[in-house]
Amino acid sequence: TGVPVPTGNFTGTMVIGGMAGRVMGCCLSECFPSMDFASNGIYAMIGAAAMLSSFKQMSVACVLFISGAANNVDLIPPLMLAVS
């Protein structure tokens, strides 16, 4: 059963963290529509980094990886807060 693709723990933890972060972003934007929050994709990236760093024990590498993939240096402070 499942897809016969070797992904290991790396992809699975990022997918689960990304889904949890996106759900958090959607809940915030639905519960507080008058407030201005970041887009749901930002919450997904932060959730993916937090989940990956908790499973792999590599906090700084996750911050550099996600901020480099997004090509946005402004993500470093929230990512550092999420992975700590």
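Remember, it's a predicted structure, so these values are computed and weren't measured experimentally.
Of all heavy-atom pairs between Met58 and Phe10, the closest is CE-CE1, 4.3 Å. The shortest heavy-atom contact between Ser53 and Ser59 is CB-CA, 4.0 Å. Of all the heavy atoms in Ala49 and Val83, the pair that sits closest is O-CG1, 3.7 Å.
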Atom pairs and distances, side-chain donor-acceptor, residues 28-46, under 3.5 Å, sequence neighbours left out:
from: Ser29; atom 1: OG; to: Gly25; atom 2: O; distance (Å): 3.2
from: Ser29; atom 1: OG; to: Cys26; atom 2: O; distance (Å): 3.0

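Rounded to the nearest 0.5 angstrom, Cys62 SG and Met14 CE are separated by 7.5 Å. Here Leu52 contributes atom CG and Ile16 contributes atom CD1; the two are 11.5 Å apart, rounded to the nearest 0.5 Å.
Side-chain contact between Val23 and Cys27 is present, with heavy atoms from C-beta onward closer than 4.5 Å.
Note on Leu79: it does not cluster hydrophobically with Val60, by side-chain heavy-atom contacts below 4.5 Å among ILVMFWY residues.
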